[in-house]
Visitor: 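Take this structure first; my questions come after.
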Amino acid sequence: MNKYLSRNLLASSILSAVLASQAYAQNTNSPAPSNGVQASNEQARAEPPAIQPATSTKKVVQLKSVTVTAQRRQELVQKIPMSITTISGVQLQRLQVRTIEDVKFATPNIVIEPLAATPGGLKVFLRGVGQEDSMFTADPAVALYINDVYIPRLNGAMLDLYDVERIEVLRGPQGTLYGRNATGGAIRYITRKPDGKKTLSADVTLGNYGQADVRLKYGTHIGKVDISGAVMSTNRNGYSLDLTDNRHVNTKHINGARATLAMPVGESTYATLNLDYLKDTSGPPFPTQVKFDQSGHVVPTFGSVYKVRSNIPGSYGLNQYGVSFTTDTDFGSFSLRNILHTRGMGNKFYVDVDGTEQTRFHLFQDQKQRQYGYEAQLASQIEGPFSWVGGFFAFRETNSQPTRSDIFGTGATNDVSQQTNAYALYWQGNYNFTDRLKFIAGARYSFEKKDFLVVSTRVDGTQAFDVPLRRKWKHPDWKLGIDYNFTDSLMGYVTVATGFKSGGFNGRASTRDTVTAVDPEHVIAYEAGIKSNWFDNRLQVNMDYYRNDYSALQFTATRPDGAFTLINASGALFQGVEADIKAQLTSKWSVNAGGGTINARYKDFDAANNSTFLGKPVKDSPKFQTYLSTTFVQPLDGAELIASAQIRYTDSYFEDLADSRMIMAAPNHEVGARIAYKPTNSNWSVSLWGKNLTNNHTSSGGFYIPVLGISVIYPTMPRTYGLDFSYRFW
């Protein structure tokens, strides 16, 4: 084991011991809580750490059991043999998780940032694997789900979190149950379910840079139908100054709405309809020029990372909608879930990529996306040693997009289109040999077909070339594992699993010869871990070691002429350790800490890839990350004062395949804090909050293309602060 892995294993062990000793100081003689799985949807919701009542008249300081549906059935998270992070609605508020990006404050080994040059776009890497091209021909490696509906595009995936019940982050390949494009993991966004109660509440946020957010939530019951709904509007002025036109840029303007209707159908079926709509009219992103100073340090060209120049106003607009219909039927010995959905998106923008007052590189895209899907899930319900989940998945997506790269003048227009059809059968079962020993086996068979066409038109209107391509892929995935309960509060597990991401095409090709196909991405993943509760369930320690062996890893690269291309690395190996620790130190004070390491290297590359990868670090793979958050609840006379704070540190990492120091992400720490006042018998609360309080910044993405004279970064947000006010009308 190398030095830095040994160092971080030792650090995790020390942190565990420190928290354990503090928790032990508060020990009582009360029994541990029951680990029984609750049946109803309301009972199954993930909850934050809280005090649970003991069987005696005393109250015990304990962490509360959390139930999730990460394996397509309700299970206690501490009994699931996999690395998973769950963040409930209350925790989201206390950790200041306002967009999906902020889950990094509770998740080990994640790089999650805005997608460069694409407002509303999401870049996410788990354990060093992901994708960062907004072109629809580049599929993500971390699957995103909203209420079990797969979201295939990075555009528009930087979701503002409102009306949310919980977030689940599944680290490592999820090839059996989730399958499509989940070689790096999966993120599940689970919205609030209607409960039939009549409610109306409002949340208002005011902050610096002119931030003004409003969120309304509504719930009611009409006949047999339970209804919940929410609307949101988030607005912020620009935090960067465009020196060319003396205006503030990098603004944010998003409006959205969501509604859910649910009702029983007959005696054994429950039907749910989900509707959502979002309109994003934020301004286009403007990058910051950077350069090397005389000491070799990267510095902003104009004196501040929040000063930019451009010769265009730019434009941006995104609209997306979704409809899903779900039925859950109880057949006694098994249950059947049907999920039918459709989604659509339009995303049009023209952005300045070069960050100068010249047209060195401007990018135009006008994407139209539609998707349709159906999934059937069967789950056993018979008590006994054997349980299983199986299903069928069908998915169709169509994309079309005129795209143009203006490099020192108006470029040719490429009309790119692609239709994807994907189907899969999957099954996963558990067999309990004894009360303590369980065996896991799973399998998935995937079939995928892509029809691709690019038609290139010169500036004078004549056709330069057209290339149609079609490819099909078939692939089986599998999972094997065992877990063993050494005691009622200590479980160990070992799993080995595979993952598959289909091949694709270089949708950004500028010539006929560069319209190429890439091979499928494969991974075989090994994981060993423990999940444990200590000191009467006041301390929870989860740790794991992972080793992910990839072949034909897919990457987006920048060619010397400035063109983007999709390529395969021949292979890469990622391994490391992770820790996630929760402690309820007293009835008022809780702590959450964790972190992870990534040891990543390319391997098995052929002669053609030798110069690209030999001896270079793998991009978006920081060697070490850690986070710490704490919450203190102080009862007052007729009220509660809730103080929370969080800090996160990330090592430096490269953001392009060339490992360019110019645009690499420097070591960075982020600090946030929040203090809330909540009267006990009232319907309002108020809080003060701050994010990035130390006003640190680093690169969240960038472009370094020396042949075009381009060296720009997209800096992380500066310090923000403000006031939240919540009011419940009824």
Side-chain angles (χ1 to χ4, degrees), residues 1 5-6 8-17 19-20 35 63 65-68 70-71 75-87 106-110 126-129 168-178 182-186 428 430 432 436-442 478-499 523-534 537 539-549 573-583 592-599 624-627:
M1 185 177 291
L5 279 177
S6 301
N8 292 315
L9 275 170
L10 178 60
S12 298
S13 301
I14 292 172
L15 181 57
S16 301
L19 289 177
N35 287 325
L63 293 165
S65 299
V66 175
T67 307
V68 296
Q71 295 194 128
E75 298 172 287
L76 289 166
V77 69
Q78 284 299 94
K79 295 299 181 181
I80 300 177
M82 63 183 297
S83 1
I84 175 173
T85 296
T86 62
I87 315 172
T107 306
N109 281 337
I110 189 170
L126 277 171
R127 293 176 173 174
V129 177
E168 298 177 4
V169 183
L170 287 58
R171 301 189 297 280
Q174 305 298 318
T176 303
L177 294 179
Y178 292 90
T183 52
Q428 183 168 305
N430 302 327
N432 294 294
R436 297 189 180 276
L437 178 64
K438 182 172 67 179
F439 174 73
I440 307 110
W478 50 267
K479 179 177 183 178
L480 295 173
I482 58 171
D483 65 69
Y484 187 79
N485 290 284
F486 297 96
T487 68
D488 291 340
S489 59
L490 174 62
M491 180 187 77
Y493 66 91
V494 177
T495 61
V496 56
T498 66
V523 60
I524 181 166
Y526 308 87
E527 185 173 312
I530 62 166
K531 293 192 170 184
S532 61
N533 297 299
W534 303 92
N537 200 31
L539 173 68
Q540 176 181 297
V541 179
N542 296 341
M543 300 184 70
D544 66 79
Y545 164 79
Y546 66 92
R547 177 188 173 96
N548 298 339
D549 196 348
L573 180 65
F574 300 82
Q575 58 183 326
V577 295
E578 296 169 334
D580 186 9
I581 303 167
K582 295 179 173 63
N592 184 13
T597 67
I598 303 176
N599 180 9
F624 179 61
Q625 292 180 323
T626 188
Y627 57 85

Visitor: Compare all side-chain heavy atoms of Tyr493 with those of Ser83 and state whether any distance is below 4.5 angstrom.
Guide: yes
Visitor: Do Thr495 and Met82 have side chains that get closer than 4.5 Å, going by heavy atoms?
Guide: no
Visitor: For the pair Arg547 and Asp549, find out whether any cationic side-chain nitrogen is under 4.0 Å from an anionic carboxylate oxygen.
Guide: no
Visitor: Answer yes or no: is there a side-chain heavy-atom contact under 4.5 Å between Tyr627 and Thr107?
Guide: no
Visitor: Are a donor atom and an acceptor atom from the side chains of Lys79 and Asn485 found within less than 3.5 Å of each other?
Guide: yes
Visitor: When you compare the side chain of Tyr545 with that of Gln575, does any pair of heavy atoms fall below 4.5 Å?
Guide: yes
Visitor: Do Val494 and Tyr526 come close enough that some side-chain heavy atom pair is under 4.5 Å?
Guide: no
Visitor: Can you tell if the side chain of Val541 reaches within under 4.5 Å of the side chain of Leu539, non-hydrogen atoms only?
Guide: yes
Visitor: How close do Asn542 and Lys531 get, counting heavy atoms only, and between which atoms?
Guide: OD1-CA, 3.2 Å
Visitor: Could you tell me which non-hydrogen atom of Pro81 sits nearest to which non-hydrogen atom of Ile440, and how far apart they are?
Guide: CG-CD1, 3.9 Å
Visitor: I want to check a possible cation-pi pair here: Arg171 against Tyr546, using under 6.0 Å from ring centre and within 45° of the ring axis as the test.
Guide: no
Visitor: Just wondering, do Tyr178 and Leu170 contact through their side chains at under 4.5 Å, heavy atoms?
Guide: yes
Visitor: Take Val169 and Leu126 through the side-chain contact (heavy atoms from CB on, under 4.5 Å) test and state the conclusion after the steps.
Guide: CA-CA 10 Å; Val169 183; Leu126 277 171; 4.2 Å; yes
Visitor: Identify the two heavy atoms, one from Ala579 and one from Pro108, that lie closest to each other, and give their separation to 0.1 Å.
Guide: O-CG, 3.9 Å
Visitor: Heavy atoms only: give me the nearest Ala441-Leu480 pair and the separation to one decimal.
Guide: CB-CD2, 4.0 Å
Visitor: Could you tell me whether the side chain of Ile110 reaches within less than 4.5 Å of the side chain of Thr85, counting heavy atoms only?
Guide: no
